[in-house]
Structure formats: C-alpha cells, structure tokens
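Structure first, then comments.
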Amino acid sequence: MAQGQQAPSGQAHGTEQHGARAHSDGGWDTKVPVQTRSERPQSGDLDAFPPVTGREVNWKFAPLAKLQPLLDGGLDGSAYRFLARQTEGADVEWGRSDDPVVGSAGLPEDRAAAAAWTARDAVLKVTVKATDAHESISITRSDFGTSARAAHTVITAEQHAQGIVVIDNRGSALLSENVEIVVRDSARLTVVSLQDWDDDAVHVSTQFAEVGRDAFLKHVVVSLGGDVVRVNPSTHLGAQGADTEMYGVYFADAGQYIEQQVYVNHDAPNTRGRVNYKGALQGEGAHTVWIGDVLIGRAGDGTDSYEQNRNLVLTDGTRADSIPNLEIETGNIEGAGHASATGRFDDEQLFYLQARGIPEEEARRLVVLGFLVEVIQKIGAPELEERLIAAVEQELADGRTAVAAAEPEAEQADA
C-alpha cells in the first residue's frame, strides 16, 4: 500500500490480519539505550533517573546489593567533620546547599550522583587563590560513620592560580558524593582523591571538572582501601588550549571491588588530554573495572589525546575489566589513541632480577612497585608519594601473609 493511503473500508489493516498483531515500532527514542557517553542525560533531580537494574552499561559490573542504600535517596547530606591543612592563599569553608557555585562544573549523569546532589544540605567550598606561591590544601575526612551519607565539594582555582588539593578519605563510610572542579583561565591545579578507607567502606564519587582557556588540570585517583570503591572522574575541555592529565593507581585485594569510569570531552580547539591508569590485583574475588571514554567533538580541531589502562594480575581468582572508548567527530586533529592491557608478571623482568642475585619474592615486589610508582610520582607531592609507596608495599606484604596462611590448609585438604 502506498504511503499515506488507508486500508479500504471493511478490510483489516495488514498488521492485524487473521487475528494477529504486529509488535509496535514506535517509541524507540525511549527504548534504545544510550550508546555513547556524550549522550547521557544530565540532571540534579533523582527522579530523572530510573531505578538501577544492573543491565545499564555504566552499572553492569557493579555489586548493586552493596550500593543499593546509596541509590534509593534519603541520604544524610549534612555537614561533616574534617581536618584541613592549608596555606594562606587558600580557603576552605562551608556553603549553603543553594550556593551559586553549585553546578559550575556540571550535573549528575547517573542515579547515585543525583541522589547525593538532591540530599546535600551543605557544600564544602575550596578556593585556591592567585598568589605568587604554589598553594597547598589537604582535607582529611574520617568521620562519616556507617549510615548512608551524601557529600558535595566544589573546588575552584582562580584565574592564574597554582596549587594542589588533596582529599584524603579514611575510616568507615557509606558515602555517595559529587566533587566539582573549576579551573579558571590560565590556572594550574592538581586534585588528588585518595581512597584509603577501612575494609568495610562503600564509596561512590562522581567528580567533574571544567577547565578554562590555557588552563591545566592534573587529576589523580588513588584507590587502595574499602570494600566497594567507585570513582568516576570526567573533564570538560571547553575552552581553547585547555589541558588535562588524568592519572589513577589502584590495588585490589581479595573480595574488593574498585571501579573507575574516566571521561575526557575535547570540546574546543587545541586541547590536550592524557589518561594513564594502572592497577594491581591479588586474592580470590579481587575485581577492578576501568572504562575510559574520550570524545573529540566537532569543535575539537587540533586535539591531542591519548588514554591507556594497564593491569597487573598477581594471583589466580582475580578479574580486571578494561574498556577504552574513543569518539572522534572531526578529522582535523593532532592525534588520538587508546590502549589497554592486562597480564601477569613479565618473566623476563623476574629472570633479569633473579640472575643478579635478587630473591624471587623481592624481585616480584620490585616489579610491582616499579609498575605503580610511575603513576604515584606524577602527583608532585613528595610526602604523599612516600606514604603511598609505603601503602603499596604493605598491600604486597598483606597479600604474601594471606597466601602463606592458606597454604597449610590446602595441603591438609589434599591429604
């Protein structure tokens, strides 16, 4: 039947002949899942996001049973206690939930972030001022407790400012939070998010940054402790010459789940992006997830972008999911690429060290440290770097202790 014609009177429509009905072809705009990161809806309203089922592309790996209290809403978003160490050229203060700075860097893209956004009663405002010095701020948070909490932080680097902000997370927590980062024109800022939680902590953190003209943001995620840790940083390079380097280092033990979903949006000419995440896994049930998304938009002429993820598997029974994605909407770029690899120890490296008289256990320790320290040394804060190297060494020592304790049981079982 030609388009626009109707079925003759008394004749059944083709889709209803013989009592059969065809499937509906309508409404696909609401039925087809979002295929690319750039198309995800953004909203600060919890009701704008349907309940999470685990079939969504951005939730399919996560242990939802443990995260569910952070997805249902009703979180405690009140002010919390923290310890701040800062220089004179930086401010840390509480602001109201309706403070105009909220939303400066973006809006939530998933239900967990929207739940925290909706629940906020107070906003922690961190400001790095433009002075002749390199400003430094360290914020230690260790008093969240075990009830479901929400937090909201806005970090602003003023025009021409230079500094580093460290958010040091410790203790127990059941926390969903949003961290906004605004880097004004020609500013240079480093933000370090350190997850050194107790073993029972569950932490979901959505971190989004807006980088100004000729400005630079170094963003570092370090995840060592906790039961479930999900940190999703995204950076919008929306002004000419904006530059970002995004680093991550993580170490997952038995039963631990660590996830990072990283997004770089090149949305202006002559922007630059570098993403480098490295992780190690040991112990039964250790699971890490890294999803890297890079979008080079139509306005991204002259973009220079590269992302990579490397995972080192130390024992059997672990799982590392690594998914790099790259979208390019303009061909006029300097370069773009991505890479991902997961593997065991390099036997040649171990042989080289052992051939020079280094015991196997010590050789393995040196290989792991060398693998992860490359990223740790990018932070640019010697005192913090030393602490993290010591923490990685402790993770390795704990892993050896656990394996040694399990061996006699295995031998007895075999007997």
Could you check whether atom CD of Glu348 has more than 12 heavy atoms from other residues, nucleotides or ligands sitting under 6.0 Å from it?
no

Test salt bridge (Lys or Arg N to Asp or Glu O under 4.0 Å) applied to Arg55 - qualifying residues, sequence neighbours left out
none

Between Asp253 and Gln282, is any side-chain donor less than 3.5 angstrom from a side-chain acceptor?
yes

Could you tell me whether Arg272 atom CZ has more than 12 heavy atoms of other residues or ligands within 6.0 Å of it?
yes

Sorted by chain and number, sequence neighbours left out, side chain to side chain contact (heavy atoms under 4.5 Å, CB included) with His338 holds for Glu307, Pro324, Leu326

Might you point out which heavy atoms bring Leu388 and Leu194 nearest each other, and give the distance in Å?
CD2-CD1, 3.6 Å

Just jot down the salt bridge (Lys or Arg N to Asp or Glu O under 4.0 Å) partners of Asp199, sequence neighbours excluded, or say none.
none

Pairs in or reaching into residues 93-129: which pass ring-ring contact (aromatic ring centres under 6.0 Å, His included), with residues at least two apart or in two chains?
Tyr80-Trp94, Phe82-Trp94, Trp117-His152

Count the heavy atoms of every other residue, nucleotide or ligand shown that sit under 6.0 Å from CD of Glu334, and state whether that count exceeds 12.
no

Between Thr288 and Ala252, the two heavy atoms sitting closest are CG2-CB, 3.6 Å

Pair Glu245-Tyr247, side chain to side chain donor-acceptor pair (under 3.5 Å): steps then yes or no
CA-CA 7 Å; Glu245 294 178 2; Tyr247 298 104; 2.8 Å; yes

List the residues meeting salt bridge (Lys or Arg N to Asp or Glu O under 4.0 Å) with Asp121, not counting sequence neighbours, and say none if there are none.
none

Under the criterion salt bridge (Lys or Arg N to Asp or Glu O under 4.0 Å), I'd like the reasoning laid out for Glu177 against Arg141: C-alpha separation, chi angles, the key distance, then a yes or no.
CA-CA 13 Å; Glu177 67 169 339; Arg141 310 187 301 179; 3.0 Å; yes

How close do Gly300 and Ile333 get, counting heavy atoms only, and between which atoms?
O-CG2, 3.9 Å

Enumerate the residue pairs fulfilling salt bridge (Lys or Arg N to Asp or Glu O under 4.0 Å) with a member in residues 148-164, sequence neighbours excluded, ordered by first and then second residue.
Asp76-Arg149

So, taking the atom named CG in Leu75 and the one named CG in Leu46, what distance separates them when rounded to the nearest 0.5 Å?
8.5 Å

Applying side chain to side chain contact (heavy atoms under 4.5 Å, CB included) to Glu329 and not counting sequence neighbours gives Leu295, Arg298

Distance check, rounded to the nearest 0.5 Å: Gln261 atom CD versus Glu109 atom CD?
9.5 Å

Gap between atom OH of Tyr257 and atom CZ of Arg319 - 0.5 Å precision
8.5 Å

Could I get the full list of side-chain hydrogen bond (donor to acceptor under 3.5 Å, both in side chains) partners for Gln86, not counting sequence neighbours?
none

Quick test of your reading: applying salt bridge (Lys or Arg N to Asp or Glu O under 4.0 Å), list the pairs with at least one residue in residues 159-170, sequence neighbours left out, ordered by first then second residue.
Asp168-Arg170, Asp168-Arg387

I'd like to check the salt bridge (Lys or Arg N to Asp or Glu O under 4.0 Å) partners of Arg230; sequence neighbours left out, ordered by chain and number.
Asp110, Glu259

Applying side-chain hydrogen bond (donor to acceptor under 3.5 Å, both in side chains), which residue pairs with at least one partner in residues 211-229 are found, sequence neighbours left out?
Lys66-Asp227, Gln195-Ser223, Gln207-His219

Non-neighbouring partners of Asp293 that pass side chain to side chain contact (heavy atoms under 4.5 Å, CB included), sequence neighbours left out:
Arg37, Tyr263, Ile291, Asn325

In terms of the angle between their ring planes, are His203 and Trp197 parallel, tilted or perpendicular, with boundaries placed at 30° and 60°?
perpendicular

Say you draw a straight line from CZ of Arg120 to CG of Asp98; how long is it, rounded to the nearest 0.5 Å?
8.0 Å

